[in-house]
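Encoded as structure tokens, the structure appears first; notes follow it.
Remember, predicted model here, so these are calculated numbers, not experimental data.
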Amino acid sequence: MSEIALKDTARTSEPGGIPKAYEPQAVEDKWYQFWCEQGCFTANPASSKPAYSIVIPPPNVTGMLHLGHVLNNTIQDILSRKARLDGKEVLWLPGTDHAGIATQAVVEKALRKEGKMKHRDDLGREKFLEHVWAWKEKHGGIIIQQLKKLGCSCDWTRERFTMDPEYSRCVQKVFVELYKKDLIYRGKRMVNWDPAARTALSDEEVEMTETKGHLWHLKYPLLDDAGCLMPDQFVVVATTRPETMLGDEAVAVNPQDERYTKLIGRKVLLPLQNKPIPIIADDFVDPQFGTGCVKVTPAHDPNDYAMATRHNLPLTVVIGPAGNMTAAAGEDFDGLDRMEAREAVVEELTEQGLLLKVEDYVHNVGYSQRSHVPIEPYLSEQWFLKYPSVDKATQCVELGAIAGKTVPVVELAGRELAGTDRAELRESAMKLAREQGWIGKSFRNEDTGWDILVRRKSLSHAFNNRSPVVIQAAAMLPELIRTAILWRSVPHDPPHPRFKRVHYFIGALKLAEELYCVPITVKELADGRMLYDYKAKKAALGGKPLVAHLPEEKLGSQPAPNVAAINVADLLADVNPAIGGMIRFHPERWSKTYTHWMTNIKDWCISRQLWWGHRVPVWYRKSETRNPKSEIASVDICCGIEPPSDHENWEQDPDVLDTWFSSWLWPFATMGWPEQTPTLKKFYPTTDLVTGPDIIFFWVARMIVAGYEFMGEPRFGLPDALPFRNVYFTGIIRDKLGRKMSKSLGNSPDPLELIAQYGADALRFGTMRSAPLGQDVLFDEKDVELGRNFCNKLWNACRFRQMQGSAGGSPAAANGSSEAFEMEGEIDPTLLTSDDKWILLRLDQAIREIDTAFADYKFSDATATLYRFFWSEYCDWYVEASKAALQGSDAALKANKLAVIDFVLSHTLRLFHPFLPFITEELWQGMGFNQDLPEGQGGKTIMFAHWPKPLDADFKEHYGLDESAEKLASAKYELVGLGRNLRREFNLPANKKLHYVLKPTGNLAASEIEVIRLLLNAEAVEVNPAFVPEKGTPVVANALGELLLPLAGLIDVAAERARLSKELDKARAEVQKARAKLENPQFTQKVPPHVLAEHQKRLVEWQTKEQQVLAALANLPPV
RNA sequence: GCGCGCUUAGCUCAGUGGAAGAGCACUUCCUUCACACGGAAGGGGUCGCAGGUUCAAAUCCUGCAGCGCGCACCA
């Protein structure tokens, strides 16, 4: 199939030249190659067009394309292609991630399988890394290549890898800068240790899993003051991990626990180790839990470690880095795996009679997200990062979360306080508050539903030393509290026993034609009460003329418009200019998750005991007298991008950095940072980010932090430091039973196979159609099939158009020269039928709906609209109706019809292009829609055509697209539906040609009758106002008139009576419903006028229907 | 324990105050000259439960139940 064939066929009107079914395979490869060769995906930083950019969430080099990638990257491609159609200069920047642990594990496994090593130490660091690089070169690009099959319009000239030399320098630079700011530090701490990968992990890489385990109750023999055993006296402790008891250094009790106060300071004999350990008192211990005695294992439990620090206990490491017991665990256990040791310890304790009991116990155990083995809390020396720019990064998302909201503007008019100076105003304000009884009263905030209490003390504080405007605002206190919007909640800082959290609200006040932002602070007490706080009015600044806050289109020519509500984002820009922008999450609810994490953020363990990754850029001065890495004086540490000049005297830190420590720089490091490259200047900050909510902490949050920390410098001259403006969170792809896709279940279809079977467009359309915003996607191959069917429908609709020949009024030249082939003829307004007007209005509606869907990132809405418009409206009604003219003899009418069809199709293809890039390009070119367009506007490729605009008022007026035209067509289709229903009711086969009679209400043009005939698939529709039907002739009616189906000799009176009775019941029920409402005075008095009119109209319509049915029933012959 | 979702037709889901919707599946009819990857018609829902607000509730509020997901966890 080629574009030539499609065009030639159109000219020669030989339907056989175009396949009846769309065949995607050849088409897709052809156009992808074309786009690449023409450089269509390459972003030009020098372009004068506005920029749109998006960076791909870099897939792991180890990965294969799965349906999650399909969903994620289809969305990115839709956004990119839509932006191109919108006339933006688009950069979609692709690349891959080195994925430290995962890649190293894969390569290690392969090398072990090939017998090249048992452990990577056998090869040594350099040799091993050579193997990883070789592996990466061979397998690394798989996903990226697969994305091309999907049609992704990435700028492949800018593909990046997180281990590229330039990228690596960025990582090092960032490390060095943060080190110099003392934000990166080395520390010996309890970390999450993955014994399988033998590396530390960050908190985020630990998954808590509910696990069935046991609670072992152990008896520790009590010693007397002389250190001798006291017969039959024990302290009982409970543990889920008996093997750790070998490293116990104390038993802890709560100091208030009267059962044990007398034991504090005594000692017990640690069994198996036969070591006396003290009984200590610590508040951490919950007397209510278990026996109230806790064994303390300082080196293997974070809480115990904290207690050990408080009590200066020694640290005994009994479990080593591989999860095996150390020599310190004692001869019997040395070298055992921790799970084997558990059994051995339990066995030994049982033998010694020190195991009191074992209970079944369900608890949460941390597992390594990568290796899926239980995490070992492990004491080791690691590098940590104290997050920078946390406040800004937190607030920009909180602002984004409420940016879509509007806050009602409270007007002060008529409530000004008496007085001119501050003291007088304050007096009036307090007087007003007292008189109105506001003090001690709660007001319900509409945004949160919280009752917010106003206290006298808060008020008097609020009015001290505030500006007159602030005090004036007090006159509207209840209204402001009631209407304010919540924008952020934070823990009380510093921590306070009475106050849990502080909530910041924002209200809007109009005073003397000027708009004021009114931030309100509310404190939440521990008991849940909300207090209007004295800081409430502190920041009521930023008052600017009201007009400055209104977009021009709202402003019009009115000098002082009356606003009822204003976008919160506009107000907040005043309060928080430092942030300089905001980030919106879609769906918004994820911003809560984000805020929660950001407000409880802990230092990030960034070092990993791996070889594959960015090596920590720190060198230690070699020394023979010192243990490596510990107790190193600062003069013996060198942190820099380059090794020290006398590098032979130094050795580099062996560890590498967490992979996410490189990915968090992705949005700018890929664009050439720290150089001020043209790409960076043009395309940073990026516009959208598309990713999964499971990596909000790993990646999204850290990128925002990095953006503020590294891109906030003024020298970049950027409008914003933030890395992106919108984050779209995809759902998880599940199978149709709702289970997660997994290899072991075998429920994870290969996208490439689906593409081979159905086409990439079909896969894209099916996926998007079933993926509503923020919901998990239940994947069903049926959806892809539906996508294929849809493409086929589109294909055939265009094929039908091509068979009709030229729209130019004269047939295309027989020799087929392309100049003679005018695709879009002029539409003559005087020749438009009601059907033409109807489809143009439906197109207009579809464009509007799709624009709205895009604005809200609701891609499934957009596909639903496309589907409805094209299939149900264009194909099922318009095309069928158009056959009346196309098969008729009026050449001018026919040409005009084709012009409308071309208009609609050329718009449709552009609307479809982001979703179905391949087939739309094939048809765009094949139908010749590109031919009269400049190269940059669709002449070369549909990719750069203009996105359709809704039809404007002038257009509608010029073509007479008004409500009456739409109504006529709708009524026609309604009557056709009723007529078809008669056919069915009387069991007339679909292929039987019928003769209908129409008794029209008014005048109907012959062409309209012909359309009705065609749509009814009738032999004839006889128009006869005076028709007197035989008794019992079936009839249906609507606003256009009565449609009768004379069935001489075939009338089944009983069936017709049954049919009409059913309709009568329906009509009477509806009349009853409408009448009941309209007879209710409460309803008629309170309801808005348009609703009242609607119901009145409805009543009349159903009453008419009732009369028609009654007449038809009366007309039935007696049984 | 805290937080967030979800509950509407057999299935998957739209629908944030004014007559219950879509696709799939199902039933019946039709190979009519774009398309059987198609066309036509049809059946099918007390919108999880109970209260409340309202002239009006799938929609707003309050409880409750069930399912799912995060976060934090006491050995």
Exercise. Ion pair present between E1010(A) and R1013(A), side-chain N to carboxylate O less than 4.0 angstrom?
Worked result: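 Looking at R1013(A) together with E1010(A), the answer is yes, because their closest N to O distance falls below 4.0 Å.
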Pairwise [atom1] distance, [M] and [N] [rounded to whole Å]:
| N | M | atom1 | result |
| --- | --- | --- | --- |
| A20(B) | G66(B) | P | 31 Å |
| C49(B) | A58(B) | P | 11 Å |
| G45(B) | A14(B) | C1' | 15 Å |
| G5(B) | A40(B) | C1' | 41 Å |
| G1(B) | G15(B) | C1' | 35 Å |
| A50(B) | C13(B) | C1' | 26 Å |
| U59(B) | U7(B) | C1' | 15 Å |
| A22(B) | G63(B) | P | 35 Å |

Rounded interatomic separation in angstrom, taking [atom1] from [X] and [atom2] from [N]:
| X | N | atom1 | atom2 | result |
| --- | --- | --- | --- | --- |
| L1092(A) | A19(B) | CG | P | 13 Å |
| M768(A) | G23(B) | CE | C1' | 16 Å |
| F585(A) | G5(B) | CZ | P | 15 Å |
| L794(A) | C35(B) | CG | P | 15 Å |
| F986(A) | C30(B) | CZ | P | 19 Å |
| F800(A) | G38(B) | CZ | P | 18 Å |

Nearest to the [X] side chain among [options], which nucleotide is it?
| X | options | result |
| --- | --- | --- |
| V285(A) | A19(B), A14(B), A75(B) | A75(B) |
| K20(A) | C35(B), G38(B), C74(B) | C35(B) |
| R788(A) | G18(B), C37(B), G42(B) | C37(B) |

For this session: Would you kindly check if the NZ (Lys) or CZ (Arg) of R842(A) is within the cone defined by 45 degrees around the ring axis of Y878(A) and under 6.0 Å from the six-membered ring centre?
Result: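 Relative to the ring axis of Y878(A), which defines the angle, R842(A) lies outside at least one limit.
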For this session: Under 4.0 Å between any heavy atoms, over every strand shown, what does K1097(A) touch: base, sugar-phosphate, or nothing? Just pick one.
Result: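 Contact class for K1097(A): none.
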Exercise. Of the options E785(A), E781(A), Q25(A), which is the one that meets Q757(A) in a side chain to side chain contact (heavy atoms under 4.5 Å, CB included)?
Worked result: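 When side chain to side chain contact (heavy atoms under 4.5 Å, CB included) is applied between Q757(A) and each of E785(A), E781(A), Q25(A), only E781(A) qualifies.
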